[in-house]
Amino acid sequence: MTGRRIIARIFLIIFAIATVTHLAGGAILAAETPQFRMEIDGLNLVKGVSANLVLTVTNAKGAEVTGISGLEDFDVISGSTSTSTTIVNGSTTYEEKAIYVIIPKKTGKFIIRGNVEYDGKAYQTNELQLNISEADNTSNGKAQDLFIKTLLSNNEAYVGQKIVLAYELYSRYNIENFGFLDNTGIKDCISTNVPEDKLKSEITYVDGKKYAKFEARQSFITPIKAGTYSIPAYNFQANVSTEGFFSSSKPVYLQTDAKELTVKPLPSENRPADFSGIIGKLKLEAEYSAREVEYGGSLTLRVTASGNCSLDSLKEILKGDLSDFTIYQTEKNFDEGIENNQYQAKKEFEVILVPKVNGDVRIDPIYISYFNPESGSYEKAEIPGATIAVKGEAEKAQTGEGNEMPSIETVRIDQVSYKPQNEGYLTIQMKKDYLYTGLALFAALLILAASAYFIIKHMGKRDKKLQDIYKQLIKAEDQNEIYSLFNSMIKHCFSLSLKASSRETIANRIADSRLVEPILEIMDFMENKKYCSNIADICLKTKIKEIYKRLK
């Protein structure tokens, strides 16, 4: 081989090496070019139903999201961040994600774009053109698989009138739990919630599809001022069960429909002086226990008041006394509820009448005034009058002359109790000392039994699943794997995802304040690397160990 050929080959080798080095360097530079990308679950969204919005920053460590334009028409329920670093063939890629859970507030077309500042320069992400439609849960074939309805019994009412505000959750998924994220109080309204143990669930069909329907909340609201009330849209969370190696759930966020209520004042014209304060259609049912009674005896007037009206102000049936009777009034039972999405109430009274005279005694009709919103006028409900035949002679009181004492009139009150007091009961007599001693011994034995039960229950109860997750976590070495298993622990105990929940949501959902602070510290460490950077894995597991002990 000649010297020229050797020199030529050396130059070719050098050129090839330079070319390969240049191409590799170009690839590395290309891989390190910063990128900013915006993504969402879908471009066609439904008003009031949540979606996940993700802004991804690639190869721009230290970049700051300065804002997201177009987000003013959405409610941001929660926000979180995650970071990851990958190395492929010697090329390092750094990625940071900002994750937002958003709910559209309006229908229409909207454009969302992210704004990022990095290395002193301003960048923009791609645009997302979103189409927001109204939720259609009644048209054929268009009902959502998960939706919530807002029900208001009346769009117009009067001051002091009780109306129903209810929320119903419909789901084709398996729901673990649900609840409101906002305070649902309404200004200038007295609001009373139906107890949760009285709320029902059932299977129903919408557009031919099978749904589970839950009564999420039922309230009786009473406006105390005239005007227009805006019942806002509230944020609502339903935890939907997910299938996987570990049983868990993912939160789905919904928004209720806003409603408007017009409240009018009661008319002052033709208002009766004896107006009872009842607003709504009042119905009275009355019955006398007898139309004939012996002098010295008694009879009972039983009255049931009912209707779509508040009966809070109805404390008694008779105002004052009857001239020919001594009266004793008792309120017996009271119930209120919802029928066909309308408020209904029922109250029962007993009026015991003891005649003061004999003969045929006339009881005049009894009237209770109320305001009927349907007619817009004041009306009266009537208890019909009756004639009572009082048999026997009234005893005349002695004058007390001489040694004779004045006679004492004895009145017998019948029908206070409708069953013999001792029917079905066994009466035992014993000394008080024996009774007190026996009760003390019984109480001591009861306390000992309860203590033993709780000790045995506590010793025997082990959360096997929590133990399994923790064992895997202790063996894990990668920080992201540790954090993922820790997130599974929190999901298992509280049905709450750290990666998809805001700090405020976590603080509200976890009742034990001693758990909240260390959990948030771990989130800060994983998201922002704020503490224990030198011995991160050891410190992270130590902090999780403290939380695990408290969870057990």
Side-chain angles (χ1 to χ4, degrees), residues 46-49 75 103-108 133-139 142-144 147-170 180 182-194 199-200 204 206 213-236 254-269 271 275 277-283 306-313 336-345 370-379:
V46 176
K47 176 187 171 185
V49 180
D75 276 335
I103 297 181
K105 296 190 291 187
K106 301 178 181 178
T107 59
S133 61
E134 193 75 46
D136 189 349
N137 297 315
T138 55
S139 301
K142 293 186 179 180
Q144 303 293 318
F147 63 92
I148 189 167
K149 278 187 177 182
T150 305
L151 306 174
L152 189 64
S153 60
N154 304 71
N155 294 322
E156 292 187 353
Y158 287 87
V159 173
Q161 181 180 355
K162 273 193 178 182
I163 57 178
V164 175
L165 175 62
Y167 298 93
E168 294 178 346
L169 177 66
Y170 292 76
F180 284 86
D182 302 326
N183 180 12
T184 57
I186 303 172
K187 186 179 179 183
D188 295 328
C189 277
I190 299 172
S191 181
T192 304
N193 293 332
V194 174
L199 299 179
K200 301 175 183 177
T204 187
V206 179
K213 183 180 80 171
F214 303 89
E215 293 177 347
R217 177 165 294 177
Q218 291 180 341
S219 302
F220 307 134
I221 59 174
T222 309
I224 58 177
K225 289 183 180 180
T228 300
Y229 289 74
S230 294
I231 300 173
Y234 297 117
N235 293 320
F236 186 88
L254 306 172
Q255 202 168 62
T256 64
D257 293 328
K259 295 289 184 179
E260 193 170 87
L261 173 65
T262 302
V263 179
K264 298 177 286 187
L266 289 174
S268 56
E269 185 178 358
R271 180 184 298 183
F275 175 51
I278 298 174
I279 303 169
K281 183 67 175 178
L282 175 65
K283 179 182 178 182
S306 61
N308 60 348
C309 53
S310 171
L311 299 175
D312 296 341
S313 60
E336 60 179 352
I338 300 173
E339 295 180 12
N340 299 322
N341 199 39
Q342 294 289 323
Y343 176 79
Q344 294 291 328
Y370 64 94
F371 180 78
N372 187 353
E374 297 177 7
S375 64
S377 60
Y378 293 94
E379 300 177 6

Practice item. Examine distances only and state if a side-chain atom of Asn183 and a backbone atom of Gly185 form a donor-acceptor pair shorter than 3.5 Å. Key: yes
Study note, to complete from the structure: Looking only at heavy atoms, the pair that brings Pro223 and Gln161 closest together is CD-O, 3.3 Å
Review point. Partners of Lys106 by salt bridge (Lys or Arg N to Asp or Glu O under 4.0 Å), sequence neighbours excluded?
Key: Asp73
Exercise for review: Please check if the distance between the ring centroids of Phe371 and Phe275 is under 6.0 Å.
Suggested key: no
Check your understanding: Just wondering, do Phe214 and Leu199 contact through their side chains at under 4.5 Å, heavy atoms?
Key -> no
Review point. If we only count heavy atoms from C-beta on, is the Thr192 to Thr222 side-chain gap below 4.5 Å?
Key: no
Check your understanding: Between Tyr343 and Cys309, which heavy-atom pair has the shortest distance, and what is it?
Key -> CE2-O, 3.3 Å
Check your understanding: Would you say Tyr378's side chain and Pro267's backbone share a donor-acceptor pair under 3.5 angstrom?
Key -> yes
Point to revise | Nearest non-hydrogen partners of Ser313 and Gly277, listed with the distance | key: OG-C, 3.8 Å
Review point. Are the side chain of Asn308 and the backbone of Lys281 linked by a donor-acceptor contact shorter than 3.5 Å?
Key: yes
Revision key, fill the gap. Residue pairs meeting side-chain hydrogen bond (donor to acceptor under 3.5 Å, both in side chains), one or both in residues 254-266, sequence neighbours left out, come to Asp75-Gln255, Asn235-Gln255
Check your understanding: Going by the angle between their ring planes, with limits at 30° and 60°, are Tyr234 and Tyr167 parallel, tilted or perpendicular?
Key -> perpendicular
